[in-house]
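One structure is given below, encoded as structure tokens.
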Amino acid sequence: MIDIKLIREKPEVVRKNLEKRKSDFPLDDLISLDKKWRELKKEIDRLRKERNEKSTQIAEMRKKGKDSKELQKAVKKINVEIKRKEKEYEELGKKRKHLWMQLPNLLHDSVPYGEDEKDNVEIKRWGEPKDFDFPVKNHIEILEALGLIDIERGAKVAGARFYYIKDDLVKLDYALINFALDHMRKKGYVAVEPPYMMNRRAYEGVTDLADFETVMYKIENDDLYLIATSEHPMAAMFMDEIIDPAELPIKLTGISPCFRREVGSHGKYSKGLFRMHQFNKVEQFIFCLPEDSWDFLEELQRNAEELYESLGIPYRVVNVCTGDIGTVAAKKYDIEGWFPSAGEYKEIGSNSNCTDYQARRLNIRFGKEGGEKGYVHTLNNTALATSRTMIAIIENNQNEDGSVDIPKVLWKYLDFKRLEKK
RNA sequence: GCCGGGGUGGCAGAGUGGUAAUGCGCACGCCUUGAGAGCGUGUGCCCUUCGGGGCAUGUGGGUUCGAAUCCCACCCCCGGCGCCA
């Protein structure tokens with residue numbers, strides 16, 4: 001959510017941002033809706049004032065034992081009118097809010113202009129993709145041969161894009177979680193295991209409204225949605241609160257499964273473990289003062305890069321362009337890992353500064369009571385999503401005999417050093 | 001799930017039909033060499049032509065000229081019972 005005052009007073013700034021995003025958002029509709037809404041509010045407030053005055057008069061007359069029938073009649077009449085206008089006001093208000101919530105965040109100047117992900121700008125590359133002297137296999141071939149994954153039974157029991165992972169792969173999953181958690185905790189981030197479900201009000205605060213149709217699973221009979229990432233419950237954690245600036249920054253690292261419907265994302269990179277309905281992820285999250293958020297974006301970036309570097313996964317970093325950045329972020333870096341079977345870099349993590357956009361929706365402020373207040377800034381970055389990282393490890397560290405070498409940093413979490421046929 | 005108690009500002013806490021006391025905290029000012037104490041002003045949200053106005057007692061309805069207060073439904077918290085990994 002963007003400050004409504006900015007929309008009213010400097011619509012040209014907002015309009016320019018929309019042009020940059022190539023958004024077809026109907027800004028003029030929002031502005032005129034807001035204007036009508038305010039006019040109607042003024043009108044209703046005037047009527048309410050009249051009613052309050054008359055009611056007070058009635059009370060005084062009663063005290064004196066005078067007859068107040070006429071006044072009562074008049075108030076009744078005003079009330080009918082208030083009720084009529086309130087209904088209109090409420091409908092207008094809903095439309096206004098709905099539209100307002102869809103208005104995307106203001107972009108940072110450094111976000112490159114572009115149509116889609118092809119126009120993302122590479123800003124860094126680390127590591128050298130290995131030259132294999134044998135035909136590389138993809139992770140599904142490798143895992144099926146090792147008997148560590150069961151795709152068919154996953155589909156039988158839950159549907160496509162659900163899988164059973166087994167045995168040493170389960171251990172590897174948890175090793176990666178512990179590895180990432182340890183890394184983040186060493187940096188002073190507080191580990192959080194959040195609720196895996198959230199109610200509508202909280203969820204509307206953290207994400208694009210369109211996600212309710214394409215991303216989130218709704219729990220029947222309850223006002224609950226399965227979380228798509230622990231970013232969401234962490235962001236909502238301080239909903240409707242005022243944080244003492246002395247407490248900031250708040251640095252969290254969340255661990256949870258992530259549930260995603262993935263409606264409309266068929267085909268692309270959909271093979272194997274790359275895009276599933278359920279996966280585990282360690283996430284980084286920061287609440288901070290507005291002036292600090294751009295520095296923290298770089299800190300979050302570095303944290304994630306260190307993880308992939310110590311795992312030995314070649315990666316590159318892209319500055320995500322205007323056409324690919326999404327509604328909530330003001331700036332976003334993606335980390336793309338190297339996948340030998342595809343012969344390209346693909347997204348394994350995503351780092352966003354959401355500035356005050358989420359905080360405004362969630363009503364999370366900082367400030368002393370009675371003192372100056374403002375909205376905090378929120379940032380989130382993947383630390384490590386286990387499924388995609390496992391694919392990267394498996395494909396990059398495969399041997400000709402079908403075994404896979406485990407990166408040394410994970411050994412202490414495991415009772416094996418290779419995935420191999422038993 | 002059942003029974004009981006409860007939900008009022010940042011916190012504590014009054015108000016049982018007449019339009020939200022009071023205390024603490026916090027911010028600003030005065031005073032002070034400084035701090036503290038003391039005194040004063042302010043302290044949520046929305047609108048405003050900056051004069052002011054409206055809203056706000058868990059949420060949503062209802063009754064009434066007027067609801068924190070009465071009625072209905074729901075949500076949440078605490079205690080007990082039940083069920084349970």
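A, B, ... follow the sequence lines: proteins, then strands. Residue 1 opens every chain. Scope of the values below: all heavy atoms of this structure, side chains included, with no hydrogens, waters or symmetry mates. Not measured: the values here are computed from a predicted model.
Separating the CD1 atom of A:Ile7 from the C1' atom of B:C46 is a distance of 16 Å, rounded to the nearest angstrom. Per the geometry, CD1 belonging to A:Ile242 stands 9 Å off P belonging to B:C11, to the nearest Å. The nearest whole Å value for the distance from the CH2 atom in A:Trp37 to the C1' atom in B:C55 is 11 Å. To the nearest angstrom, P of B:G10 lies 14 Å from CG of A:Asp244. What separates OH of A:Tyr375 from C1' of B:C45 is a distance of 10 Å, to the nearest Å. Here B:C75 presents its C1' atom at 18 Å from CZ of A:Arg200, a figure rounded to the nearest Å. Atom P of nucleotide B:G10 and atom CD1 of A:Ile364 are separated by 15 Å, given to the nearest angstrom. Rounded to an integer number of Å, the gap from CG of A:Leu40 to P of B:C47 is 14 Å.
Counting any heavy atom pair closer than 4.0 Å across all strands shown, A:Arg8 reaches sugar-phosphate atoms only and no base atom. A:Asn52 comes within 4.0 angstrom of sugar-phosphate atoms only, judged by non-hydrogen atoms across all strands, and of no base.
Using modelled atom types, one finds a donor on one side chain and an acceptor on the other under 3.5 Å when comparing A:Asn120 with A:Asp324. Looking at A:Gln284 and A:Thr253, their side chains never bring a donor and an acceptor atom within 3.5 Å of each other.
Taking atom P in both B:C11 and B:G44, one finds a spacing of 14 Å when rounded to whole Å. Spacing between B:G42 and B:A56 at atom P, rounded to whole Å, works out to 23 Å. When the P atom is used for both B:G54 and B:U19, the distance is 14 Å, rounded to whole Å. Taking atom P on both B:C31 and B:C24, the two are 24 Å apart, rounded to the nearest angstrom. The P atoms of B:G7 and B:G51 are separated by 40 Å, rounded to the nearest whole Å. The same atom, P, is picked in B:C26 and in B:A21; the two are 22 Å apart, to the nearest Å. For the C1' atoms, the distance linking B:A20 with B:C3 amounts to 33 Å, nearest Å. Comparing B:G18 with B:A67, their C1' atoms sit 10 Å apart, to the nearest whole Å.
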Expected string for nucleotides 59-73 of chain B under the B/S/- scheme (protein heavy atoms, under 4.0 Å, primed atoms plus P, OP1, OP2 as sugar-phosphate) is ---S--BS-------
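The two residues A:Ala202 and A:Leu362 come nearest to each other via the heavy atoms O-CD2, 3.7 Å. Across all their heavy atoms, A:Lys85 and A:Glu43 have their closest contact at NZ-OE2, 3.3 Å.
Between A:Arg48 and the phosphate of B:C47, there is no side-chain N or O to OP1/OP2 separation shorter than 4.0 Å.
For A:Asp45 and B:G54, a side-chain-to-base donor-acceptor distance below 3.5 Å is absent, hydrogens and geometry of angles not being considered. For A:Lys42 against B:C47, no side-chain N or O and base N or O form a donor-acceptor pair under 3.5 Å.
Summarising the local packing, CZ of A:Arg8 is surrounded by more than 12 heavy atoms from other residues, nucleotides or ligands at distances under 6.0 Å. For A:Tyr174, the OH atom sits in a loose shell: 12 or fewer heavy atoms of surrounding residues, nucleotides or ligands are nearer than 6.0 Å.
Looking at A:Asn353, A:Asp356, A:Val376, A:Thr378 one by one, the single match for side chain to side chain contact (heavy atoms under 4.5 Å, CB included) with A:Ser293 turns out to be A:Asn353.
Under the 30°/60° scheme for interplanar angles, the aromatic rings of A:Phe212 and A:Tyr225 are found to stand perpendicular.
Mapping A:Ile4 and A:Lys49 onto RNA chain B via the closest heavy atom, the residue that lands nearer the 5' end is A:Ile4.
For A:Lys41, the listed nucleotide lying nearest its side chain is B:C46; candidates were B:U48, B:G44, B:C46.
In textbook terms, a nucleotide whose glycosidic angle is within 90° of 0 is syn, and B:G51 is one such case.
Among residue pairs with one or both ends in residues 73-94 of chain A, those qualifying as ring pair (Phe, Tyr, Trp, His ring centres under 6.0 Å) are A:Trp37-A:Tyr89; sequence neighbours excluded.
Pairing of B:G40, defined by two Watson-Crick or G-U wobble distances under 3.5 Å, is identified with B:C28. Across all strands shown, B:U63 remains unpaired; no Watson-Crick or G-U wobble contact has both distances below 3.5 Å. A 3.5 Å limit on both hydrogen-bonding distances identifies B:C81 as the Watson-Crick or G-U partner of B:G1. Across every strand in view, B:U22 sits in a pair with B:A12 that passes the Watson-Crick or G-U test at under 3.5 angstrom.
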